[in-house]
Amino acid sequence: MMMMAAAAVNESPNRSTEDKTSTRGQNEVNRKLKYISLAILVIQNASLILSIRYVRTLPGDHFYTTSAVVMAEVLKVSTCVVIILIQKRGNVKSFVSLLYDSIVVQYLDTLKLAVPSLIYTLQNNLQYVAISNLPAATFQVTYQLKILTTALFSVLMLRKSLSKIQWISLVLLFAGVAIVQVEQEGGKQKEALTSTNQNYFKGLVSVIISCLSSGFAGVYFEKILKGSSASVWMRNIQLGIFGTVLGLLGMWWNDGAAIAEKGFLFGYTPMVWGVIFNQAFGGLLVAVVVKYADNILKGFATSFSIIVSTITSVYLFGFHVDLIFTLGAGLVIGAVYMYSLPKPNASTSSTSTSSSSHSEGGDSELEAFLPKSVLVK
């Protein structure tokens with residue numbers, strides 16, 4: 001008996017040592033995943049805007065943006081179909097049954113997505129208009145107004161409460177964007193845009209409407225889908241079906257005659273395909289990695305992507321950065337980071353529940369973030 005007791009005593013320290021080692025190893029993995037997530041979020045945020053700006057300002061014939069929106073929707077739906085088919089281990093019968101049940105049988109649930117899908121389609125088209133007429137850095141800064149619109153719609157429609165720091169950050173955000181617009185309105189950038197047949201006012205109106213639609217669509221999506229059990233991939237298929245149909249209608253209305261004459265893929269170069277693949281798959285990739293990134297990391301990624309876009313625009317597009325633009329952009333970057341900070345009264349509870357949320361809340365985090373990342377970017 002004494003020998004057994006001694007063995008148990010010796011085994012206990014060994015177990016604790018192994019547990020500490022495994023915990024340290026897991027923490028190291030999580031830290032690396034966070035850094036990888038940060039890099040992916042920054043690259044996706046900055047590269048999409050910069051690449052769209054680049055292909056829309058090249059000399060020569062340009063592709064039709066309405067066709068690019070439709071193509072991105074088709075690629076998203078196709079990707080999600082393949083993913084679900086893989087999840088069903090290639091069982092076509094089970095796959096078709098799931099699609100029929102989720103889309104046709106539960107048609108009321110599917111129809112709920114018509115409104116956000118319409119708004120997302122409009123927004124995707126407006127983003128092309130905005131980026132085609134605004135410097136990439138200016139668009140990136142101004143587009144952060146979506147945080148303000150989302151917050152206001154959340155308060156009005158979902159009765160959510162914001163902390164004092166969040167309200168202050170929203171004021172700073174608005175002030176920063178206003179400073180940038182005042183600087184751009186009377187500065188060299190507007191002259192440069194006018195000389196290249198770009199309409200600054202048209203781009204500004206487009207990005208403001210895009211921010212309003214982003215805020216409303218995200219909150220509306222959250223409101224109507226609370227308690228839904230559908231997977232994130234099925235939601236994208238449902239949204240993509242409406243998005244494709246609505247995108248085709250928009251394409252026919254705006255560019256129908258020209259596309260009928262020149263073709264759907266007119267102006268498509270390898271760079272254009274890169275933009276479309278980035279728009280289609282970039283959001284899905286972000287949705288996969290975002291579960292490893294908390295709100296602070298996502299806020300930091302957004303802020304850092306503004307810096308990356310600005311620096312790249314200086315070298316790629318000859319963008320001029322002065323003190324006023326730096327002040328406005330700095331306010332926006334600080335506001336984005338402040339808004340992403342956890343509420344003071346939620347810090348303790350978030351610490352105690354963080355492990356459970358990471359282990360069993362992966363899908364719910366994807367569900368919450370995906371509408372804003374995949375179909376609004």
Side-chain angles (χ1 to χ4, degrees), residues 45 48-49 52 65-66 69 72-73 112-162 166-167 169-182 184-185 199-225 239 242-243 246-247 249-250 253-254 279 283 298-299 302 305-306 309 328-329 331-332 335-336 339-340 368-377:
N45 275 335
L48 180 61
I49 295 170
I52 291 177
T65 57
T66 51
V69 170
E73 291 295 330
K112 289 180 182 179
L113 299 175
V115 173
S117 184
L118 172 63
I119 298 173
Y120 290 147
T121 304
L122 171 66
Q123 184 182 348
N124 287 333
N125 281 283
L126 286 174
Q127 281 191 345
Y128 273 107
V129 176
I131 298 174
S132 299
N133 290 279
L134 293 176
T138 304
F139 172 85
Q140 184 82 300
V141 170
T142 309
Y143 191 56
Q144 301 315 310
L145 281 176
K146 66 182 179 180
I147 297 174
L148 172 63
T149 59
T150 302
L152 294 179
F153 280 120
S154 295
V155 172
L156 294 173
M157 296 173 61
L158 301 178
R159 305 298 180 188
K160 288 189 175 182
S161 62
L162 302 178
Q166 287 178 317
W167 281 114
S169 70
L170 293 177
V171 174
L172 293 177
L173 175 68
F174 184 81
V177 172
I179 289 173
V180 169
Q181 296 310 320
V182 169
Q184 296 283 286
E185 186 69 22
N199 191 324
Y200 186 89
F201 181 75
K202 182 179 180 181
L204 181 59
V205 171
S206 297
V207 73
I208 291 175
I209 296 176
S210 183
C211 289
L212 287 170
S213 63
S214 172
F216 177 78
V219 174
Y220 179 83
F221 195 100
E222 181 180 351
K223 184 176 182 178
I224 65 173
L225 293 180
L239 283 166
F242 284 114
L246 294 170
L249 289 174
W253 177 266
N254 196 60
Q279 191 173 31
K298 284 184 280 186
T302 301
S305 66
I306 295 175
S309 295
L331 284 175
V332 171
V336 170
Y339 188 82
S340 65
F369 185 80
L370 189 60
K372 302 180 184 65
S373 66
V374 174
L375 297 168
V376 179
K377 286 262 184 202

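The structure presented is a predicted model; accordingly, all values stated were derived computationally and were not measured.
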message: Could you measure the distance from the CD1 atom of Ile119 to the CG atom of Leu126? Nearest 0.5 Å is fine.
response: 11.5 Å

- request: Show your working on side chain to side chain contact (heavy atoms under 4.5 Å, CB included) between Val180 and Val332 and close with a plain yes or no.
  value: CA-CA 10 Å; Val180 169; Val332 171; 5.5 Å; no

- prompt: Taking all atoms of both residues into account, what is the closest heavy-atom pair of Ala151 and Leu170, and its distance?
  reply: CB-CD1, 3.8 Å

- request: Drop me the distance from Glu73's CD to Leu246's CG, to the nearest 0.5 angstrom.
  value: 9.0 Å

statement: Output for pair (Gln127 CD, Ser132 OG), nearest 0.5 Å, gives 11.0 Å

- line: When rounded to the nearest 0.5 Å, the distance separating OG of Ser213 from CZ of Phe153 is 9.0 Å

task: Mind listing the closest non-hydrogen atom pair of Asn125 and Thr66 along with its distance?
output: OD1-CG2, 3.5 Å

- prompt: When you measure from the side chain of Ser309 to the backbone N and O of Ile306, does any donor-acceptor pair fall under 3.5 Å?
  reply: no

query: Are the side chain of Thr149 and the backbone of Lys146 linked by a donor-acceptor contact shorter than 3.5 Å?
result: yes

- prompt: Of all residues at least two apart in sequence or in a different chain, which pass the side chain to side chain contact (heavy atoms under 4.5 Å, CB included) check with Leu145?
  reply: Thr142, Leu148, Phe174, Val177, Cys211

- request: Give a yes or no answer on whether the side chain of Ser117 reaches the backbone of Gly243 with a donor-acceptor pair at less than 3.5 Å.
  value: yes

- prompt: If you take all heavy atoms of Leu173 and Ala335, which pair is closest and at what distance?
  reply: N-CB, 3.6 Å

- prompt: Looking only at heavy atoms, what is the nearest atom pair of Tyr143 and Gln123, with distance?
  reply: OH-NE2, 2.7 Å

query: Side-chain donor-acceptor pair under 3.5 Å between Gln144 and Tyr339, yes or no?
result: no

- request: Compare every heavy atom of Val129 with every heavy atom of Ser206, then report the nearest pair and how far apart it is.
  value: OG-CG1, 3.2 Å

field: Interatomic distance, Leu134 atom CG to Gln181 atom CD [nearest 0.5 angstrom]
entry: 7.5 Å

- prompt: About how many Å separate OG1 of Thr138 and CD1 of Ile131, when rounded to the nearest 0.5 Å?
  reply: 12.0 Å

field: Exercise: identify the closest heavy-atom pair between Lys160 and Val155
entry: O-CG2, 3.5 Å

message: Among residues at least two apart in sequence or on other chains, which ones pass ring pair (Phe, Tyr, Trp, His ring centres under 6.0 Å) with Phe242?
response: none

Tyr200 side chain near Asn133 side chain, heavy-atom distance below 4.5 Å: no

